[in-house]
Participant: 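Quick one: this structure, given as structure tokens, is what I'll be asking you about.
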Amino acid sequence: LVQAMLKGRLFEQWSKEVKKLQEAGRIPEDFADKKYKYGFQTWVELMRIIDEESPDADRLGALEAMFFAVNKVGATDGEKIKAYQLWQIAKQLNSGELLLLRTVYLKRSQFASEVTLPSYVRSYSNWASYMAEAIGHNSQGLVDLHEKKPTEFGLFTARVSNEGKVISDQNARLSELGLIFCSNIESYENEMRAQA
């Protein structure tokens with residue numbers, strides 16, 4: 001019964017958000033039409049995930065953000081293809097991995113600043129410790145666990161560079177793809193605030 005209530009609430013919330021985006025002209029009224037590449041596919045998959053998995057708020061937010069990026073009015077075909085690939089990645093991430101990505105995205109400038117952090121922080125261990133503290137759980141073990149999939153999917157750079165050097169402090173390990181992924185989430189959140 002509780003599960004059904006949660007699903008109902010998630011469906012209702014998502015329907016309202018889609019309606020707001022359509023009314024604002026941010027996604028097409030007929031986004032699920034086959035003429036829009038990936039529109040129908042992302043809609044069906046998101047409905048299935050809500051129905052079968054009842055995702056938590058962090059995961060649902062990331063999925064909604066990637067849905068928006070795929071279906072956004074004015075996006076080129078290339079941007080839609082990239083967004084759809086990021087949609088595929090988002091489906092495989094859990095809330096801990098998304099929380100770590102968000103934290104790294106928000107802390108990337110501070111991490112890279114030599115003013116606030118000495119150069120020794122560029123080692124993986126110190127990076128993980130810094131992020132654990134920034135998240136607030138202070139568990140390097142959780143950071144170790146949650147950085148694996150984002151690294152595997154290319155959202156984070158490797159723990160050690162190809163030359164055997166410590167990690168680059170540029171973007172605090174976020175790759176170009178990771179920056180785009182996080183930027184899509186930020187853009188969607190800003191869009192929802194603007195629609196409120």
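We use all heavy atoms of the structure for the numbers below, so side chains are in, but hydrogens, waters and symmetry mates are not. Along the sequence shown, residues are numbered consecutively beginning with 1.
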Participant: Taking the six-membered ring for Trp and the single ring otherwise, decide whether the centroids of Y130 and W127 are under 6.0 Å apart.
Facilitator: no

Participant: When you measure from the side chain of R108 to the backbone N and O of Y105, does any donor-acceptor pair fall under 3.5 Å?
Facilitator: yes

Participant: Below 4.0 angstrom, N of the basic side chain to O of the carboxylate: do R102 and E189 qualify?
Facilitator: yes

Participant: Test side-chain contact (heavy atoms from CB on, under 4.5 Å) on R59 and E53 and set out the steps.
Facilitator: CA-CA 11 Å; R59 186 159 181 255; E53 301 174 29; 2.6 Å; yes

Participant: Can you give me the closest heavy-atom contact between Q140 and A128, atom names plus distance?
Facilitator: CG-CB, 3.5 Å

Participant: Looking at CG of D144 and OG of S129, how far apart are the two atoms once the value is rounded to the nearest 0.5 Å?
Facilitator: 10.5 Å

Participant: Can you hop from I135 to L142 via hydrophobic side chains spaced under 4.5 Å?
Facilitator: no

Participant: What closest approach, in Å, do H137 and V143 show between heavy atoms, and which atom pair accounts for it?
Facilitator: CE1-CG2, 3.9 Å

Participant: For a side-chain contact (heavy atoms from CB on, under 4.5 Å) check, start with the C-alpha distance between F181 and L98, then their side-chain angles and the critical distance, and finish with the verdict.
Facilitator: CA-CA 10 Å; F181 184 91; L98 291 163; 3.9 Å; yes

Participant: Nearest 0.5 Å please: distance from the CG atom of L101 over to the CG atom of D58.
Facilitator: 11.0 Å

Participant: Does T157 use its side chain to pair, donor to acceptor, with the backbone of S175 at less than 3.5 Å?
Facilitator: no

Participant: Answer yes if L145 and V104 sit in the same cluster of Ile, Leu, Val, Met, Phe, Trp and Tyr residues linked by side chain heavy atoms under 4.5 Å apart, and no otherwise.
Facilitator: no

Participant: Are K148 and E97 ion-paired here, with the side-chain N under 4.0 Å from a carboxylate O?
Facilitator: no

Participant: For the residue pair Y38 and Y84, does the interplanar ring angle fall in the parallel (under 30°), tilted (30 to 60°) or perpendicular (over 60°) class?
Facilitator: parallel

Participant: If you count the non-hydrogen atoms of other residues, nucleotides and ligands that lie under 6.0 Å from CG in N190, is the total more than 12?
Facilitator: yes

Participant: Using a strict threshold of under 4.0 Å (side-chain N to carboxylate O), is an ion pair present between E79 and K72?
Facilitator: no

Participant: Output the distance between atom CG (N171) and atom CD (E176), rounded to the nearest 0.5 Å.
Facilitator: 10.0 Å

Participant: Between E147 and R173, does any side-chain N to carboxylate O distance fall below 4.0 Å?
Facilitator: yes

Participant: So does F67 get a backbone contact from the side chain of N71, meaning a donor-acceptor N/O pair under 3.5 Å?
Facilitator: yes

Participant: When you check the side-chain N and O atoms of E45 and W87, is any donor under 3.5 Å from an acceptor?
Facilitator: yes

Participant: What pair of heavy atoms forms the shortest contact from K80 to A75, and how long is it?
Facilitator: CE-O, 3.5 Å

Participant: Going by atom types alone, do Q88 and Q92 pair a side-chain donor with an acceptor below 3.5 Å?
Facilitator: no

Participant: What's the shortest heavy-atom distance between N138 and E133, and which atoms?
Facilitator: OD1-CA, 3.2 Å

Participant: Between atom CE of M66 and atom CG of L46, what is the distance when rounded to the nearest 0.5 Å?
Facilitator: 12.0 Å

Participant: Can you tell me how far apart CG (L155) and CG (L93) are? Round to the nearest 0.5 Å.
Facilitator: 6.5 Å

Participant: Quick check for you: to the nearest 0.5 Å, what is the distance between H146 atom NE2 and T103 atom OG1?
Facilitator: 11.5 Å

Participant: State, with a plain yes or no, whether a side-chain heavy atom of N184 is found less than 4.5 Å away from one of F68.
Facilitator: no

Participant: How far apart are the closest heavy atoms of G61 and Y188, and which atoms are they?
Facilitator: O-CD2, 4.2 Å

Participant: State plainly whether one hydrophobic cluster holds both I81 and V73, where clusters connect Ile, Leu, Val, Met, Phe, Trp and Tyr through side-chain heavy atoms under 4.5 angstrom apart.
Facilitator: no

Participant: Would a distance-only check, ignoring hydrogens and angles, find a side-chain to backbone donor-acceptor pair under 3.5 Å from R26 to E191?
Facilitator: no

Participant: Considering non-hydrogen atoms only, spot the tightest contact between G154 and L177 and give its length.
Facilitator: O-CB, 3.8 Å

Participant: Establish, from distance only, whether the side-chain atoms of Q85 and K82 form a donor-acceptor pair under 3.5 Å.
Facilitator: no

Participant: Check the pair K107, Q110 against side-chain contact (heavy atoms from CB on, under 4.5 Å), reporting the backbone distance first and the verdict last.
Facilitator: CA-CA 5 Å; K107 295 291 186 179; Q110 291 171 331; 3.0 Å; yes

